[in-house]
Amino acid sequence: MVEVLLGLGSNIDRERNIRAGLKALAGEFGRLRVSRVFESVAVGFDGDNFYNLVVAIHTALPVGQLALRLRGIEDANGRLRAGPKFSARTLDIDILIYGDLTGTVDGVKLPRAEIEKNAFVLQPLAELAPDWVHPLTGKSFAQMWAEYDKTKQKLWPVAFDWP
């Protein structure tokens, strides 16, 4: 079993879709470790604000099979893939970190580049796994967040209870 860190996001019926995604992940992988939920403006397009969080799971699935399983959860929650890359979405689940793997594995680039670029990924990641070391930068997620230029993107925590 390997611990995997996932990024979840939604800007369509956000609370319902994030809850549905968490429920599906718990049903598939068991106990979850979950960061706080943050709200942020859409990045890369004009759209409604997103809810974002990071979830830790344990799995024996290889990267490619995990990616397919996550895609199935997105699809089951109304994810449409016909539009542009940066667009509104019901549910987005990204593999951020898969153990200590690096490079492109089964078509998935690891670790995910958004970790270093987006506050809505890095802050919840730093809260959930502060001592984890990014396999390419050699820095802990807490250190990366401390060094991040927080004027680049605004985000704020929202009240969101998850069992």
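The analysis underlying the following values was restricted to heavy atoms, covering all of them including side chains, and did not include hydrogens, waters or symmetry mates. This structure is a prediction, so every number in the text was calculated from the model and none was measured. Residue numbers run from 1 in the order of the sequence given.
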### Main-chain N/O of Ile18 paired to Ser10 side chain as donor or acceptor, under 3.5 Å
no
### Task
Please examine the side chains of Ser40 and Lys154, heavy atoms only from C-beta on, and report whether any two atoms are closer than 4.5 Å.
no
### Task
Kindly indicate whether the side chain of Leu128, heavy atoms from C-beta on, has any atom under 4.5 Å from the side chain of Phe141.
no
### Task
Evaluate the side chain to side chain contact (heavy atoms under 4.5 Å, CB included) criterion for residues Phe160 and Glu15: first the C-alpha distance (whole Å), next the side-chain angles of each, then the deciding distance (0.1 Å), finally the verdict.
CA-CA 8 Å; Phe160 190 98; Glu15 187 168 334; 3.6 Å; yes
### Query
Is there a path of hydrophobic side-chain contacts, each under 4.5 Å between heavy atoms of I, L, V, M, F, W or Y residues, that connects Phe120 with Ile12?
no
### Query
Is there a donor-acceptor pair closer than 3.5 Å between any side-chain N or O of Asp149 and the backbone N or O of Thr151?
yes
Enumerate, atom names and distances included, each donor-acceptor pair closer than 3.5 Å involving a side-chain atom of residues 57-67, sequence neighbours excluded.
{"residue": "Thr59", "atom": "OG1", "partner": "Leu61", "partner atom": "N", "Å": "2.9"}

### Query
Between Lys150 and Trp145, is NZ or CZ placed under 6.0 angstrom from the six-membered ring centre and within 45° of the ring axis?
yes
### Query
Backbone N or O of Leu8 within a donor-acceptor pair of the Asp92 side chain at under 3.5 Å?
no
### Partner of Val108 by side chain to side chain contact (heavy atoms under 4.5 Å, CB included), out of Val105, Leu110, Thr104
Leu110
### Query
Residues in side-chain contact (heavy atoms from CB on, under 4.5 Å) with Asp131, at least two apart?
none
### Query
Quick one: does Leu25's side chain get under 4.5 Å of Ile73's, heavy atoms only?
yes
#### Entry: Check: Tyr51 side chain, Asn17 main-chain N or O, donor-acceptor pair, under 3.5 Å
no
### Task
Could you tell me whether Arg112 sits above the aromatic face of Tyr98, with NZ or CZ closer than 6.0 angstrom to the six-membered ring centre and within 45 degrees of the axis?
no
#### Entry: Name of the residue among Lys117, Glu116, Gln153, Gln123 meeting side chain to side chain contact (heavy atoms under 4.5 Å, CB included) with Tyr148
Gln153
### Task
Heavy atoms only: give me the nearest Leu5-Ala129 pair and the separation to one decimal.
CD1-CB, 4.2 Å
### Query
Considering only heavy atoms from C-beta outward, does the side chain of Leu53 approach that of Leu22 to under 4.5 Å?
yes
#### Entry: Contact check, side chains of Trp132 and Ile97, non-hydrogen atoms, under 4.5 Å
yes
### Side chains of Lys139 and His134 in contact at under 4.5 Å (non-hydrogen atoms)
no
### Query
Are the side chain of Ser140 and the backbone N or O of Gln143 linked by a donor-acceptor pair below 3.5 Å?
yes
### Query
Taking C-beta and beyond as the side chain, do Pro111 and Leu96 meet within less than 4.5 Å on heavy atoms?
no
### Query
Does any non-hydrogen side-chain atom of Asp94 lie less than 4.5 Å from one of Leu6?
no
## Note on the structure
Value for CH2 (Trp156) from CZ (Arg36), rounded to nearest 0.5 Å, stands at 13.5 Å
### Task
Kindly say whether Ile93 contributes a backbone atom to a donor-acceptor pair with the side chain of Glu74 at under 3.5 angstrom?
yes
